[in-house]
Structure formats: structure tokens, C-alpha cells
Amino acid sequence: MLDAAQDRLPSYVVGEVSDINRYDFGTFFDLRDLDDDATISCIMWAHQREAMAHELEEGTETIVRATVDFYHDDGRTQLAVKNFWPVGESDRSEGLAALRAELAEDGLLDETAKQPLPEYPRHIGVVTSLAGSARRDFEEAVRARNPGVPITVCGATVQGEAAIASLVTAVRRLEQDSAIDVIVVTRGGGADADLWCFNEEPVVRAIADCATPTVVAVGHEDDETLAEAVADHRSMTPTDAGVAVEPDLASVRQRVADIEHRVDRAYTSVVTDRVATLTQRLDAGLQTLQQRAQAREATRQRTADLEHRITVAYEALVTSRLTAIETQLNDAYQALEHAVETDAVTVRAAQRRVGGLESRIDTAYPTRVDRELEALEVRIEDGYREIETDARVEASRREARRLRVAVIVLLVVLGLTLLALAVRVL
């Protein structure tokens with residue numbers, strides 16, 4: 001949840017450093033709120049600590065750039081510190097060039113990356129001193145061009161040691177307001193030392209990180225501060241900033257009036273031309289409809305005449321066809337009656353022939369049957385006698401075979417008996 005909400009959490013935190021514990025892998029310390037006793041744990045890894053140009057010291061008021069982290073083992077929410085800056089005097093010129101190079105490398109000085117200012121802002125946010133003249137000059141410039149636009153002023157210290165934290169807090173507060181369309185950071189000029197807070201990295205990066213278009217006007221014409229360099233638009237003075245962010249309402253109204261006049265003339269011309277064109281089209285359409293109506297009437301008359309002619313022709317054709325059909329039916333009926341009479345005569349003659357045939361069959365059938373039966377009996381008797389003769393012959397043959405077998409057996413017995421006697425004699 002914390003990772004998903006990083007873009008809604010502050011990137012810079014101001015506090016007093018305490019309870020520093022240094023290890024080879026990194027440094028742990030606490031950051032205490034300057035207004036009360038609230039503290040939060042911080043961790044800065046060794047490779048980040050080695051890149052710092054200054055040391056972390058106990059009791060020092062410091063701005064840290066960090067992300068919110070959660071340490072699971074201890075259940076502790078902490079800040080993962082990426083960079084830090086002690087609040088107060090430092091060797092400013094030494095780090096200015098390095099910071100500008102770093103910003104250029106990050107693409108924050110690229111003109112193509114800058115956002116256009118809204119043409120008609122609905123709500124303007126201003127970061128400036130509540131006591132200075134910059135606020136009044138900016139508001140007067142805006143009100144002179146558009147008296148009705150709302151302006152939200154977020155007071156901040158614009159010079160000195162406290163300016164860095166104050167400016168960062170004010171810019172972040174306006175950035176989080178979704179109603180603000182443009183953020184203006186301004187002051188009424190001053191010496192280089194007074195304006196140096198606009199070269200500090202926390203302020204510069206806070207302005208560069210804004211998703212809302214930004215304007216910086218610090219009243220310094222000789223040198224451009226880094227805050228002005230990363231802003232989407234730079235103005236020289238608070239008045240110039242008011243002119244830059246808010247269009248002249250009178251000029252806008254005049255342009256609107258001119259546009260309305262041109263639109264009216266164009267509308268009148270277009271409407272006149274369109275009405276004339278539509279009138280011509282309506283007249284042409286009316287003539288076409290009239291011609292079509294006349295053509296339909298002529299077609300209807302021709303249709304009625306054709307229907308009458310068809311009715312007359314149909315009646316004549318039907319009468320003729322019915323007469324012809326009636327004649328054909330009469331002829332067919334007569335032919336049918338003649339055919340029926342002829343068939344009746346033919347049937348009677350056939351019936352007489354059938355009766356004669358039946359009489360002849362009745363007479364001839366018994367005689368033919370008797371002859372056939374007698375011949376059949378003779379054939380049966382002859383066959384029976386042949387069968388008896390064959391049976392007797394077969395019986396004689398079987399008896400002869402039995403006798404031959406008996407003789408052979410007797411001869412064998414006799415031979416054996418003689419052989420036995422011979423054996424005894426010997």
C-alpha cells in the first residue's frame with residue numbers, strides 16, 4: 001500500500017537529526033519533528049552516504065529526500081533516505097554547478113519537457129511571503145485582467161535558513177490541491193544571498209516534480225536560479241507572472257465579440273444560402289411530385305381500361321370454351337353409350353361360348369378319365385408282376401450262394417479229417 005501511494009506522500013521531510021548509528025552497510029538515525037516530540041526512523045545505505053559532500057551530525061536541522069518504507073521484521077515504518085542537506089550556510093557555489101549538471105542529466109532543464117500554461121486557468125495557487133509586496137503586485141496584475149478568478153495564497157518564508165523547508169511545504173500543499181490549475185512561486189527580488197534558497201535542490205526538485213504547470217518569478221534579472229530553470233515558465237517580476245498566467249479578460253471579451261460578430265455574419269450567410277437552396281430543392285421536388293402524380297393518374301386510367309378489356313375478353317373466352325367443352329362432353333357421352341352397348345353384346349356372346357365349352361367339358365371329362373384309369377391299372381399290374389419275378393430270381397440267387405458256401409465248408413472239413421488220419425498213420 002505504501003509503494004502504491006508514493007506519489008501522494010512527501011518527498012522531502014524537515015527535522016532534527018538524533019540517535020545516529022553507523023554500520024558498514026548503512027546508517028540509522030531518527031528525525032525529530034521541530035515543533036513537537038514526534039520522530040521517525042531513517043535508513044541511508046552506505047553507497048548513498050559515501051556520495052554525500054557533508055556529514056550527518058546530531059542535533060542538526062536537516063532536509064532529507066526520502067521514500068516511505070516498511071520494515072517487515074520489526075513492523076516499523078521508516079524513511080529510506082536518498083539525500084540530505086543541513087539547513088544553514090554551506091559552500092553554495094561549490095555544489096551549484098554540480099546540481100545544475102545533475103538536473104540537466106535528469107532532463108529537468110530540457111525545454112521540450114516543460115508543460116504549457118493553461119490558457120484560461122480556473123484557480124491559481126501562489127507561494128510567496130504573506131508580508132511582502134510580491135503578493136499584492138501579483139494579485140493586482142491578475143485582478144486587472146480577470147477580477148473573478150480565485151487565487152489561493154500559500155504563505156512561505158522566501159529567504160534565510162527556514163526558506164527551504166517553508167517553500168517545499170508550500171509547493172507540495174498546492175500541488176496536492178486538485179482545484180489548482182497553475183502554481184506561481186514568486187518574491188520581490190533581492191540580493192543573491194536572499195535568493196539562494198531558490199537554488200537549493202529540495203526547492204528545485206519540489207518545483208520540478210509538480211504535475212501542475214509552474215511559474216517562478218523571483219525578480220532577479222542578472223542570473224537565472226535553478227528554480228526558474230526547472231519551472232515551466234519564468235517571469236521577471238510578480239506582475240509579469242500575473243500577466244503570464246491570466247489572459248486579459250477585456251481582450252478575451254473583445255475577441256469573443258469579434259468571433260460572435262463573424263459567427264453571426266457567417267451564420268446569416270449560411271442560413272440564407274441554405275434556405276435558398278432548400279427552397280429550390282422544395283420547388284423542384286414539388287414539380288417532380290406533381291409529374292409523378294399525373295403519371296400515376298394516367299397509369300391508373302390505363303389500368304382501368306385494361307381491366308375492362310380483360311373482363312370482356314375473359315367473358316367471351318369463357319363462353320366459347322364452355323360451349324366447346326359441352327360439345328366435347330356430349331360427343332364423349334354418345335361414344336361411351338355406344339361402347340357400352342357394344343361391350344354388352346360382346347359379353348353375351350362370350351357367355352354363350354363359355355356355356356358351350358362347359359357342356360363339352362362335362363361330356364368329355366368322364367370318358368377321358370375312365371380311359372386313363374384303365375391304362376394306369378394295366379401298367380400297375382404289369383409292374384407288380386415284374387417285381388414278383390425279380391423277387392423270386394433274387395431269392396433263388398441267395399439260396400444258390402448259401403449252398404455253395406455249405407459245400408465249400410464241407411470240403412474243408414473233409415480235407416482236415418483226411419489230414420488228421422494221415423498224421424496218425426505216419
Side-chain angles (χ1 to χ4, degrees), residues 110-126 138-152 174-184 210-215 231-233 235 239-325:
D110 191 351
E111 291 295 329
T112 60
K114 297 183 182 301
Q115 304 180 79
L117 299 182
E119 188 173 2
Y120 301 103
R122 296 167 299 177
H123 198 142
I124 301 172
V126 182
F138 176 80
E139 290 181 344
E140 288 177 354
V142 172
R143 299 300 181 200
R145 302 172 71 80
N146 185 2
V149 65
I151 301 174
T152 296
L174 292 180
E175 167 67 5
Q176 293 171 1
D177 189 345
S178 60
I180 301 295
D181 291 332
V182 61
I183 298 173
V184 178
C210 286
T212 306
T214 55
V215 177
D232 296 310
H233 182 79
S235 294
T239 301
D240 293 338
V243 172
V245 298
E246 186 61 39
D248 187 359
L249 190 58
S251 299
V252 173
R253 288 173 177 171
Q254 184 60 45
R255 290 202 306 272
V256 170
D258 294 340
I259 293 172
E260 288 179 349
H261 180 64
R262 292 167 59 187
V263 169
D264 288 339
R265 286 190 302 174
Y267 178 76
T268 303
S269 176
V270 170
V271 169
T272 302
D273 293 343
R274 291 295 299 278
V275 169
T277 302
L278 291 175
T279 302
Q280 293 176 358
R281 292 174 62 185
L282 288 174
D283 293 339
L286 180 59
Q287 293 177 1
T288 302
L289 290 175
Q290 291 174 349
Q291 293 174 358
R292 290 180 180 176
Q294 294 173 357
R296 283 197 298 270
E297 180 62 24
T299 303
R300 189 189 65 78
Q301 185 62 42
R302 288 198 300 272
T303 303
D305 295 341
L306 183 60
E307 287 179 351
H308 178 68
R309 291 169 60 188
I310 290 173
T311 301
V312 173
Y314 179 74
E315 291 176 353
L317 179 62
V318 168
T319 302
S320 176
R321 293 292 300 276
L322 288 176
T323 302
I325 291 171

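Count residues from 1 along the sequence.
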Minimal heavy-atom distance between Ala241 and Val184, with the atoms involved, is CB-CG1, 4.0 Å
Presence of salt bridge, Glu140 and Arg143, under 4.0 angstrom: no
- Task: For the residue pair Arg281 and Leu278, establish whether any side-chain heavy-atom pair is separated by less than 4.5 Å.
- Result: yes
Value for CD (Glu315) from OG (Ser320), rounded to nearest 0.5 Å, stands at 13.5 Å
Output for pair (Leu286 CG, Gln291 CD), nearest 0.5 Å, gives 10.0 Å
For Ser235 and Val215, the nearest pair of non-hydrogen atoms, with its separation, is OG-CG1, 3.9 Å
So NE2 of His123 and OG1 of Thr212: to nearest 0.5 Å the spacing works out to 11.5 Å
Item to complete: Measure the shortest side-chain to side-chain distance between Thr299 and Arg302 over non-hydrogen atoms and say whether it is less than 4.5 angstrom.
Response: yes
### Task
Kindly indicate, with the supporting measurements, whether the criterion side-chain contact (heavy atoms from CB on, under 4.5 Å) is fulfilled by Thr279 and Val275.
CA-CA 6 Å; Thr279 302; Val275 169; 4.0 Å; yes
Between the CG atom in Leu306 and the CD atom in Gln301, the distance rounded to the nearest 0.5 Å is 11.5 Å
Quick one: does Asp232's side chain have a donor or acceptor within less than 3.5 Å of a partner on Gln115's backbone?
-> yes
Distance col, row Arg300:CZ vs Glu297:CD, nearest 0.5 angstrom, shows 4.0 Å
In terms of heavy-atom contacts, Arg145 and Glu246 come closest through NE-O, 2.5 Å
- Below 4.5 Å, heavy atoms only, C-beta onward: do Tyr120 and Asn146 meet side chain to side chain? no
Here the pair of heavy atoms bringing Pro213 nearest to Asp181 is CD-O, 3.5 Å
Rounded to the nearest 0.5 Å, the CD atom of Glu139 sits from the OG1 atom of Thr239 at a distance of 11.5 Å
From the list Ile124, Leu174, Val126, Ile183, side-chain contact (heavy atoms from CB on, under 4.5 Å) partner of Thr152 resolves to Leu174
Lys114 and Ala231 have their tightest heavy-atom pair at NZ-O, 2.8 Å
ask   = Heavy atoms, side chains only, cut-off 4.5 Å: are Glu119 and Pro247 in contact?
value = no
- Query: Counting distance only, does the side-chain N/O of Ser269 pair as donor-acceptor with the main-chain N or O of Arg265 below 3.5 Å?
  - Reply: no
